[in-house]
Amino acid sequence: MKPSRLRFASRMQDLRTSDIREILKVTQRPEIISFAGGLPASELLPAAEMAELARDVLLDDGVRALQYAPTEGLDTLRELIADRLRRLWGLQRSMDEVLVVSGSQQALDLTGKVFLDEGDVVLCESPTYLGAIGAFRAYRPTFVEVPTDDHGMVPAELEARLGSLDRVKLIYVVPDFQNPSGRRWSVERRRTLAELAGGYNVPVIEDAPYAELCFEGEPMPPVAALGDTCTVVYLGTCSKILSPGMRLGWVVADSDLLRRYVLVKQGTDLHTSSLVQLLAARFMLDHDLEGHIARIRDVYRGRRDAMLAALEEHFPDDISFTRPSGGLFLWVELPEGMDARELLDRALEEHVAFVPGESFFPNGGHDNSLRLNFSAMPKERIWEGVRRLGRVLSSVTVAAV
Ligand code: PMP
(Lines give C-alpha, C1' and ligand atoms only; values in the text may rest on other atoms or scores of the structure.)
Protein backbone atom coordinates (compact mmCIF):
# COMPACT_ATOMS: atom_id res chain seq x y z
CA MET A 1 0.00 0.00 0.00
CA LYS A 2 1.24 3.51 -0.73
CA PRO A 3 2.20 5.50 2.40
CA SER A 4 -0.31 8.21 1.41
CA ARG A 5 -3.16 5.69 1.89
CA LEU A 6 -2.02 4.52 5.30
CA ARG A 7 -3.57 6.02 8.42
CA PHE A 8 -0.98 7.23 10.90
CA ALA A 9 -1.28 8.18 14.56
CA SER A 10 -2.52 11.74 14.98
CA ARG A 11 0.71 12.67 16.78
CA MET A 12 2.55 12.33 13.44
CA GLN A 13 0.86 15.55 12.28
CA ASP A 14 2.89 17.50 14.81
CA LEU A 15 6.28 16.00 14.02
CA ARG A 16 8.63 17.73 11.61
CA THR A 17 12.17 16.93 10.56
CA SER A 18 14.54 19.01 12.58
CA ASP A 19 16.39 21.81 10.83
CA ILE A 20 19.62 20.52 12.26
CA ARG A 21 19.26 17.07 10.68
CA GLU A 22 18.66 18.73 7.30
CA ILE A 23 21.58 21.12 7.68
CA LEU A 24 23.89 18.35 8.87
CA LYS A 25 23.36 16.53 5.57
CA VAL A 26 24.96 19.52 3.81
CA THR A 27 27.72 19.89 6.35
CA GLN A 28 29.05 16.39 5.67
CA ARG A 29 30.86 17.94 2.71
CA PRO A 30 34.51 18.54 3.67
CA GLU A 31 34.67 22.03 2.17
CA ILE A 32 31.94 23.28 4.53
CA ILE A 33 33.04 25.10 7.67
CA SER A 34 30.31 23.94 9.98
CA PHE A 35 29.18 25.80 13.07
CA ALA A 36 25.88 23.93 12.77
CA GLY A 37 26.14 20.62 14.65
CA GLY A 38 26.73 20.00 18.33
CA LEU A 39 29.51 17.57 17.65
CA PRO A 40 32.36 16.98 20.06
CA ALA A 41 35.78 17.41 18.41
CA SER A 42 36.48 14.15 16.54
CA GLU A 43 40.17 14.16 17.48
CA LEU A 44 39.24 14.01 21.18
CA LEU A 45 37.24 10.80 20.92
CA PRO A 46 39.27 8.11 22.73
CA ALA A 47 39.22 5.49 19.95
CA ALA A 48 42.55 3.81 20.73
CA GLU A 49 41.76 3.45 24.45
CA MET A 50 38.30 2.09 23.62
CA ALA A 51 39.77 -0.47 21.20
CA GLU A 52 41.87 -1.93 23.99
CA LEU A 53 39.07 -1.78 26.52
CA ALA A 54 36.64 -3.48 24.13
CA ARG A 55 39.09 -6.36 23.74
CA ASP A 56 39.54 -6.65 27.51
CA VAL A 57 35.81 -6.43 28.21
CA LEU A 58 34.98 -9.13 25.68
CA LEU A 59 37.75 -11.44 26.88
CA ASP A 60 37.18 -10.93 30.62
CA ASP A 61 33.44 -10.41 30.76
CA GLY A 62 32.18 -11.56 27.35
CA VAL A 63 28.96 -13.20 28.50
CA ARG A 64 27.80 -10.15 30.43
CA ALA A 65 28.75 -7.89 27.51
CA LEU A 66 26.77 -9.91 24.99
CA GLN A 67 23.82 -11.05 27.12
CA TYR A 68 20.53 -9.28 28.00
CA ALA A 69 20.82 -7.05 31.06
CA PRO A 70 18.42 -5.50 33.63
CA THR A 71 16.45 -2.49 32.41
CA GLU A 72 17.85 -0.36 35.26
CA GLY A 73 21.39 -0.83 33.93
CA LEU A 74 24.42 -2.76 35.18
CA ASP A 75 25.07 -2.24 38.88
CA THR A 76 28.79 -1.57 38.37
CA LEU A 77 28.03 1.40 36.15
CA ARG A 78 25.13 2.69 38.24
CA GLU A 79 27.40 2.67 41.28
CA LEU A 80 30.14 4.54 39.41
CA ILE A 81 27.66 7.16 38.16
CA ALA A 82 26.20 7.68 41.65
CA ASP A 83 29.73 8.05 43.12
CA ARG A 84 30.72 10.56 40.48
CA LEU A 85 27.57 12.68 40.98
CA ARG A 86 28.29 12.75 44.70
CA ARG A 87 31.92 13.72 44.16
CA LEU A 88 31.34 16.36 41.48
CA TRP A 89 28.08 17.98 42.50
CA GLY A 90 27.32 16.84 46.02
CA LEU A 91 24.27 15.03 44.68
CA GLN A 92 23.55 12.48 47.41
CA ARG A 93 21.98 9.67 45.45
CA SER A 94 22.30 5.90 45.75
CA MET A 95 22.71 3.47 42.88
CA ASP A 96 18.97 2.64 43.15
CA GLU A 97 18.20 6.19 42.10
CA VAL A 98 20.15 5.88 38.83
CA LEU A 99 18.70 4.47 35.60
CA VAL A 100 21.06 3.92 32.67
CA VAL A 101 19.55 5.06 29.36
CA SER A 102 20.53 5.14 25.69
CA GLY A 103 21.60 8.79 25.64
CA SER A 104 19.78 11.64 27.35
CA GLN A 105 17.67 12.01 24.22
CA GLN A 106 16.02 8.73 25.23
CA ALA A 107 15.52 10.15 28.71
CA LEU A 108 13.60 13.07 27.19
CA ASP A 109 11.34 10.72 25.26
CA LEU A 110 10.76 8.59 28.38
CA THR A 111 9.94 11.79 30.28
CA GLY A 112 7.23 12.54 27.73
CA LYS A 113 5.87 9.01 28.09
CA VAL A 114 5.84 9.16 31.89
CA PHE A 115 4.35 12.64 32.32
CA LEU A 116 2.58 14.02 29.28
CA ASP A 117 -1.00 13.69 28.05
CA GLU A 118 -2.24 15.65 25.07
CA GLY A 119 -2.80 19.29 26.01
CA ASP A 120 -0.59 19.25 29.13
CA VAL A 121 1.66 22.26 29.54
CA VAL A 122 5.46 22.09 29.39
CA LEU A 123 7.21 25.21 30.68
CA CYS A 124 10.60 25.73 29.06
CA GLU A 125 13.28 28.35 28.61
CA SER A 126 13.05 30.67 25.62
CA PRO A 127 15.01 29.55 23.60
CA THR A 128 15.27 25.86 24.56
CA TYR A 129 16.87 22.63 23.30
CA LEU A 130 15.47 21.65 19.92
CA GLY A 131 15.71 17.91 20.64
CA ALA A 132 13.57 18.28 23.75
CA ILE A 133 10.90 20.10 21.75
CA GLY A 134 10.96 17.21 19.25
CA ALA A 135 10.86 14.50 21.91
CA PHE A 136 8.03 16.07 23.92
CA ARG A 137 6.05 17.08 20.83
CA ALA A 138 5.20 13.43 20.11
CA TYR A 139 3.06 13.53 23.28
CA ARG A 140 1.22 16.63 22.02
CA PRO A 141 1.72 19.07 24.90
CA THR A 142 1.37 22.84 24.77
CA PHE A 143 4.75 24.51 25.11
CA VAL A 144 4.80 27.71 27.12
CA GLU A 145 8.08 29.61 26.86
CA VAL A 146 9.21 31.40 30.00
CA PRO A 147 11.14 34.62 29.30
CA THR A 148 14.80 33.97 30.04
CA ASP A 149 17.73 36.35 30.55
CA ASP A 150 21.47 35.84 31.05
CA HIS A 151 20.91 34.30 34.50
CA GLY A 152 18.12 31.83 33.71
CA MET A 153 14.32 31.93 33.67
CA VAL A 154 13.01 35.22 35.07
CA PRO A 155 11.44 34.17 38.41
CA ALA A 156 8.42 36.52 38.25
CA GLU A 157 7.61 35.27 34.75
CA LEU A 158 7.89 31.65 35.85
CA GLU A 159 5.72 32.26 38.90
CA ALA A 160 3.09 34.09 36.82
CA ARG A 161 2.74 31.05 34.56
CA LEU A 162 2.78 28.52 37.38
CA GLY A 163 0.08 30.54 39.14
CA SER A 164 -2.19 31.04 36.16
CA LEU A 165 -1.94 28.00 33.90
CA ASP A 166 -3.79 24.74 34.43
CA ARG A 167 -2.18 21.45 33.65
CA VAL A 168 1.48 22.44 34.00
CA LYS A 169 3.15 19.05 34.08
CA LEU A 170 6.86 19.82 33.68
CA ILE A 171 9.44 22.54 33.84
CA TYR A 172 12.25 21.66 31.44
CA VAL A 173 15.59 23.45 31.89
CA VAL A 174 19.24 23.23 30.78
CA PRO A 175 20.93 25.32 33.49
CA ASP A 176 24.57 24.72 32.48
CA PHE A 177 25.88 26.31 29.26
CA GLN A 178 22.55 25.82 27.62
CA ASN A 179 22.03 24.48 24.14
CA PRO A 180 21.50 26.79 22.23
CA SER A 181 22.43 29.99 24.09
CA GLY A 182 25.53 28.94 26.04
CA ARG A 183 24.03 30.67 29.10
CA ARG A 184 24.46 29.39 32.64
CA TRP A 185 21.90 29.91 35.39
CA SER A 186 23.04 31.70 38.57
CA VAL A 187 22.85 29.78 41.84
CA GLU A 188 20.17 32.16 43.07
CA ARG A 189 17.94 31.42 40.06
CA ARG A 190 18.48 27.67 40.55
CA ARG A 191 17.38 27.99 44.15
CA THR A 192 14.33 30.05 43.22
CA LEU A 193 13.37 27.50 40.58
CA ALA A 194 13.59 24.70 43.16
CA GLU A 195 11.42 26.72 45.58
CA LEU A 196 8.78 27.65 43.02
CA ALA A 197 8.59 24.18 41.48
CA GLY A 198 8.32 22.67 44.97
CA GLY A 199 5.63 25.17 45.96
CA TYR A 200 3.51 24.41 42.90
CA ASN A 201 4.34 20.70 43.00
CA VAL A 202 5.60 20.57 39.41
CA PRO A 203 8.63 18.39 38.60
CA VAL A 204 11.77 19.95 37.13
CA ILE A 205 13.53 18.11 34.33
CA GLU A 206 17.14 19.23 34.69
CA ASP A 207 19.07 18.34 31.54
CA ALA A 208 22.81 18.68 32.20
CA PRO A 209 24.94 17.40 29.31
CA TYR A 210 27.34 20.36 29.50
CA ALA A 211 27.82 20.72 33.27
CA GLU A 212 31.35 19.26 33.19
CA LEU A 213 32.45 21.52 30.32
CA CYS A 214 33.08 24.57 32.49
CA PHE A 215 35.97 26.70 31.22
CA GLU A 216 36.20 29.15 34.08
CA GLY A 217 34.51 30.16 37.31
CA GLU A 218 33.22 28.07 40.17
CA PRO A 219 31.24 24.85 39.75
CA MET A 220 27.57 25.46 40.48
CA PRO A 221 25.24 23.03 42.24
CA PRO A 222 22.60 21.34 40.10
CA VAL A 223 18.98 22.22 40.87
CA ALA A 224 18.70 18.57 41.94
CA ALA A 225 21.02 19.30 44.88
CA LEU A 226 19.05 22.37 46.05
CA GLY A 227 15.95 22.11 48.17
CA ASP A 228 14.17 19.02 49.45
CA THR A 229 10.66 20.07 48.59
CA CYS A 230 11.05 19.93 44.85
CA THR A 231 11.02 16.86 42.59
CA VAL A 232 13.90 16.97 40.14
CA VAL A 233 14.66 14.47 37.40
CA TYR A 234 18.34 14.94 36.60
CA LEU A 235 19.64 13.86 33.17
CA GLY A 236 23.30 13.22 32.40
CA THR A 237 25.21 11.75 29.46
CA CYS A 238 28.55 10.44 28.21
CA SER A 239 28.04 12.22 24.91
CA LYS A 240 30.06 15.36 25.54
CA ILE A 241 32.67 13.92 27.90
CA LEU A 242 33.42 10.57 26.25
CA SER A 243 31.51 9.72 23.07
CA PRO A 244 28.07 10.50 21.63
CA GLY A 245 28.21 7.39 19.43
CA MET A 246 28.14 5.16 22.50
CA ARG A 247 24.61 6.41 23.24
CA LEU A 248 24.90 6.28 27.01
CA GLY A 249 23.18 8.49 29.53
CA TRP A 250 21.52 8.40 32.95
CA VAL A 251 18.35 9.51 34.70
CA VAL A 252 18.59 10.29 38.41
CA ALA A 253 15.41 10.58 40.49
CA ASP A 254 13.68 9.21 43.60
CA SER A 255 13.26 5.44 43.33
CA ASP A 256 9.47 5.66 43.16
CA LEU A 257 9.54 7.99 40.20
CA LEU A 258 12.42 6.11 38.59
CA ARG A 259 10.34 2.92 38.66
CA ARG A 260 7.98 4.56 36.16
CA TYR A 261 10.89 5.41 33.88
CA VAL A 262 12.01 1.77 34.11
CA LEU A 263 8.52 0.60 33.12
CA VAL A 264 8.40 2.75 29.99
CA LYS A 265 12.00 1.99 29.05
CA GLN A 266 11.13 -1.71 29.07
CA GLY A 267 8.66 -1.04 26.30
CA THR A 268 11.15 1.06 24.38
CA ASP A 269 14.34 -1.02 24.23
CA LEU A 270 14.41 -3.43 27.22
CA HIS A 271 17.78 -2.02 28.27
CA THR A 272 20.79 -0.04 27.08
CA SER A 273 23.60 -1.97 25.35
CA SER A 274 25.42 -4.17 27.89
CA LEU A 275 28.67 -3.92 25.92
CA VAL A 276 28.56 -0.13 25.93
CA GLN A 277 27.77 -0.02 29.65
CA LEU A 278 30.74 -2.27 30.45
CA LEU A 279 33.00 -0.19 28.20
CA ALA A 280 32.02 3.03 29.94
CA ALA A 281 32.45 1.45 33.39
CA ARG A 282 35.89 0.12 32.42
CA PHE A 283 36.91 3.53 31.09
CA MET A 284 35.90 5.13 34.37
CA LEU A 285 37.81 2.52 36.38
CA ASP A 286 40.98 2.12 34.29
CA HIS A 287 41.42 5.55 32.70
CA ASP A 288 41.54 9.04 34.02
CA LEU A 289 38.08 10.30 32.97
CA GLU A 290 38.51 13.60 34.80
CA GLY A 291 41.89 14.16 33.08
CA HIS A 292 40.27 13.36 29.74
CA ILE A 293 37.53 15.93 30.41
CA ALA A 294 40.15 18.50 31.45
CA ARG A 295 41.81 18.08 28.01
CA ILE A 296 38.43 18.52 26.28
CA ARG A 297 37.81 21.67 28.31
CA ASP A 298 41.21 23.12 27.34
CA VAL A 299 40.60 22.57 23.65
CA TYR A 300 37.06 23.98 23.73
CA ARG A 301 38.14 26.99 25.81
CA GLY A 302 40.71 27.79 23.10
CA ARG A 303 38.08 27.42 20.38
CA ARG A 304 35.58 29.57 22.29
CA ASP A 305 38.27 32.25 22.61
CA ALA A 306 39.06 31.99 18.89
CA MET A 307 35.40 32.38 17.98
CA LEU A 308 34.85 35.36 20.29
CA ALA A 309 37.98 37.09 18.95
CA ALA A 310 36.85 36.45 15.36
CA LEU A 311 33.34 37.75 16.11
CA GLU A 312 34.81 40.94 17.62
CA GLU A 313 36.97 41.42 14.57
CA HIS A 314 34.61 40.50 11.73
CA PHE A 315 31.00 41.07 12.82
CA PRO A 316 29.30 44.45 12.42
CA ASP A 317 28.79 46.36 15.70
CA ASP A 318 25.00 46.09 15.75
CA ILE A 319 25.13 42.32 16.19
CA SER A 320 25.21 40.92 19.72
CA PHE A 321 26.37 37.54 20.93
CA THR A 322 26.69 35.64 24.22
CA ARG A 323 30.10 34.95 25.82
CA PRO A 324 29.64 31.49 27.30
CA SER A 325 31.95 30.27 30.06
CA GLY A 326 31.49 26.63 29.00
CA GLY A 327 29.70 24.20 26.71
CA LEU A 328 29.69 24.06 22.92
CA PHE A 329 27.58 26.97 21.68
CA LEU A 330 27.09 30.67 21.52
CA TRP A 331 24.03 32.64 20.48
CA VAL A 332 23.88 35.52 18.07
CA GLU A 333 21.18 38.18 17.72
CA LEU A 334 21.00 40.06 14.45
CA PRO A 335 19.28 43.42 14.11
CA GLU A 336 15.44 43.24 14.11
CA GLY A 337 14.05 42.49 10.69
CA MET A 338 16.99 40.37 9.56
CA ASP A 339 16.24 36.73 8.81
CA ALA A 340 18.81 34.12 9.80
CA ARG A 341 17.41 31.66 7.26
CA GLU A 342 18.15 34.02 4.41
CA LEU A 343 21.56 34.58 5.90
CA LEU A 344 22.11 30.81 5.98
CA ASP A 345 21.40 30.54 2.25
CA ARG A 346 24.02 33.21 1.59
CA ALA A 347 26.47 31.65 4.07
CA LEU A 348 26.16 28.23 2.45
CA GLU A 349 27.22 29.79 -0.86
CA GLU A 350 30.38 30.75 1.05
CA HIS A 351 30.57 27.21 2.47
CA VAL A 352 29.72 28.17 6.04
CA ALA A 353 26.84 26.61 8.02
CA PHE A 354 25.01 27.44 11.28
CA VAL A 355 21.54 26.80 12.71
CA PRO A 356 18.91 29.56 12.46
CA GLY A 357 17.55 30.34 15.93
CA GLU A 358 13.86 29.94 15.19
CA SER A 359 14.12 26.15 15.61
CA PHE A 360 14.86 26.62 19.31
CA PHE A 361 11.56 28.37 20.04
CA PRO A 362 8.68 25.86 20.21
CA ASN A 363 6.22 28.56 19.27
CA GLY A 364 8.39 30.04 16.49
CA GLY A 365 9.51 33.61 15.90
CA HIS A 366 12.92 35.14 16.64
CA ASP A 367 13.95 34.92 12.98
CA ASN A 368 16.86 37.23 13.69
CA SER A 369 18.76 34.79 15.94
CA LEU A 370 21.19 31.95 15.26
CA ARG A 371 23.34 29.38 17.04
CA LEU A 372 27.06 28.88 16.48
CA ASN A 373 28.97 25.79 17.61
CA PHE A 374 32.65 26.27 18.45
CA SER A 375 33.73 22.76 19.50
CA ALA A 376 33.95 20.90 16.21
CA MET A 377 36.25 23.06 14.07
CA PRO A 378 39.96 23.85 14.61
CA LYS A 379 40.81 27.49 15.39
CA GLU A 380 41.97 28.41 11.87
CA ARG A 381 38.69 27.25 10.36
CA ILE A 382 36.72 29.06 13.06
CA TRP A 383 38.54 32.27 12.19
CA GLU A 384 38.01 31.77 8.44
CA GLY A 385 34.34 30.78 8.85
CA VAL A 386 33.52 33.81 11.00
CA ARG A 387 35.42 36.04 8.54
CA ARG A 388 33.21 34.77 5.70
CA LEU A 389 30.05 35.15 7.80
CA GLY A 390 31.08 38.69 8.67
CA ARG A 391 31.52 39.48 4.99
CA VAL A 392 28.07 38.12 4.16
CA LEU A 393 26.56 40.03 7.08
CA SER A 394 28.17 43.31 6.04
CA SER A 395 26.81 42.93 2.52
CA VAL A 396 23.32 42.11 3.81
CA THR A 397 23.43 45.02 6.27
CA VAL A 398 24.58 47.43 3.59
CA ALA A 399 21.93 46.13 1.18
CA ALA A 400 19.25 46.70 3.85
CA VAL A 401 20.37 50.34 4.28
N1 PMP B 1 19.96 17.55 25.93
C2 PMP B 1 20.65 18.58 25.44
C3 PMP B 1 20.47 19.93 26.04
C4 PMP B 1 21.55 18.39 24.37
O5 PMP B 1 22.20 19.44 23.88
C6 PMP B 1 21.70 17.09 23.84
C7 PMP B 1 22.65 16.80 22.70
N8 PMP B 1 22.81 17.72 21.75
C9 PMP B 1 20.95 16.05 24.38
C10 PMP B 1 20.11 16.32 25.44
C11 PMP B 1 21.01 14.65 23.84
O12 PMP B 1 22.23 14.07 24.19
P13 PMP B 1 22.53 12.54 24.08
O14 PMP B 1 23.62 12.41 23.08
O15 PMP B 1 22.97 12.15 25.46
O16 PMP B 1 21.29 11.82 23.69
Side-chain angles (χ1 to χ4, degrees), residues 18-21 23-24 27 34-42 44-45 73 77 81 98-112 122 124-138 143 148 152-153 170-185 204-214 222-224 232-252 261 265 268-269 272-273 276-277 280 293 296 300 322 324 326-331 354-355 357 359-362 371-376:
S18 101
D19 260 1
I20 297 197
R21 292 267 150 257
I23 296 166
L24 286 184
T27 59
S34 178
F35 303 136
L39 305 187
S42 305
L44 293 171
L45 299 173
L77 181 63
I81 293 169
V98 176
L99 163 67
V100 178
V101 288
S102 307
S104 41
Q105 191 63 36
Q106 179 177 64
L108 294 171
D109 179 55
L110 300 180
T111 299
V122 173
C124 62
E125 291 157 280
S126 180
T128 188
Y129 169 52
L130 171 75
I133 302 174
F136 296 153
R137 192 161 260 154
F143 291 95
T148 306
M153 278 179 181
L170 302 177
I171 307 172
Y172 170 72
V173 292
V174 184
D176 297 289
F177 319 116
Q178 193 221 28
N179 180 3
S181 68
R183 291 183 181 120
R184 186 187 199 195
W185 286 45
V204 173
I205 311 300
E206 180 175 27
D207 190 5
Y210 306 105
E212 286 104 326
L213 300 183
C214 173
V223 180
V232 180
V233 179
Y234 180 89
L235 314 183
T237 177
C238 272
S239 288
K240 315 295 167 170
I241 55 172
L242 204 51
S243 148
M246 287 171 72
R247 309 307 305 131
L248 191 73
W250 44 92
V251 178
V252 182
Y261 275 78
K265 183 172 163 67
T268 300
D269 64 353
T272 293
S273 157
V276 164
Q277 292 190 57
I293 298 172
I296 295 176
Y300 292 178
T322 57
L328 306 186
F329 306 104
L330 59 80
W331 184 249
F354 58 81
V355 182
S359 315
F360 301 95
F361 298 91
R371 187 192 76 176
L372 295 178
N373 164 269
F374 52 76
S375 61

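Owing to the predicted nature of the structure, the values given are computational and were not obtained by experimental measurement. Both counts, for ligands and for their atoms, begin at 1 and track the order of listing.
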| Side-chain donor-acceptor pair under 3.5 Å between Ser126 and Thr148, yes or no? | no
| message | When you measure from the heavy atoms of Gln178 to every atom of ligand 1, does any distance fall below 4.0 Å? | response | no
| task | Give the numbers and elements of all ligand 1 atoms closer than 4.0 Å to a heavy atom of Arg247. | result | 13 (P), 14 (O), 16 (O)
| field | Between Glu125 and Trp185: side-chain donor-acceptor atoms closer than 3.5 Å | value | yes
| remark: The option among Thr128, Asp207, Asn179 carrying the non-hydrogen atom nearest to atom 2 (C) of ligand 1 is Asp207
| So, for Ala36 and Val355, which heavy atoms are closest and what is the spacing to 0.1 Å? | O-CG2, 3.2 Å
| Tell me: protein heavy atom nearest atom 15 (O) of ligand 1, and distance? | Thr237 OG1, 2.6 Å
| OH on Tyr172 to OG1 on Thr111, rounded to 0.5 Å | 9.0 Å
| task | Please report which non-hydrogen protein atom sits nearest to atom 5 (O) of ligand 1, along with the residue it belongs to and the distance in Å to one decimal place. | result | Tyr210 OH, 2.5 Å
| Pro209 neighbourhood, listing ligand 1 atoms whose heavy-atom distance to it stays under 4.0 Å | 1 (N), 2 (C), 3 (C), 4 (C)
| task | Could you find the nearest protein heavy atom to atom 9 (C) of ligand 1 and give me its residue, atom name and distance? | result | Tyr129 OH, 3.4 Å
| remark: Nearest non-hydrogen protein atom to atom 12 (O) of ligand 1, with distance, is Ser104 OG, 3.2 Å
| task | Would you tell me whether Thr268 and Asp109 have side-chain atoms, one donor and one acceptor, within less than 3.5 Å of each other? | result | no
| task | Kindly say whether Leu39 contributes a backbone atom to a donor-acceptor pair with the side chain of Ser375 at under 3.5 angstrom? | result | yes
| task | State, with a plain yes or no, whether a side-chain heavy atom of Leu248 is found less than 4.5 Å away from one of Leu77. | result | yes
| message | Closer than 4.0 Å to some heavy atom of Gln105 - which atoms of ligand 1 meet that? | response | 11 (C), 13 (P), 16 (O)
| query | Hey, is Ser239 touching ligand 1 through its side chain, its backbone, both or neither, going by heavy atoms under 4.0 Å? | reply | side chain
| query | Between Gln105 and Ala135, which heavy-atom pair has the shortest distance, and what is it? | reply | NE2-CB, 3.8 Å
| field | Sub-4.0 Å atoms of ligand 1 with respect to non-hydrogen atoms of Gly103 | value | 15 (O), 16 (O)
| Is there a heavy atom of Gln106 sitting under 4.0 angstrom from any atom of ligand 1? | no
| message | Is there a side-chain contact (heavy atoms from CB on, under 4.5 Å) between Thr272 and Gln106? Walk through the geometry before answering. | response | CA-CA 10 Å; Thr272 293; Gln106 179 177 64; 4.2 Å; yes
| said: Side chain, backbone, both or neither: which applies to Lys240 and ligand 1 if a contact is any heavy-atom pair less than 4.0 Å apart? | reply: side chain
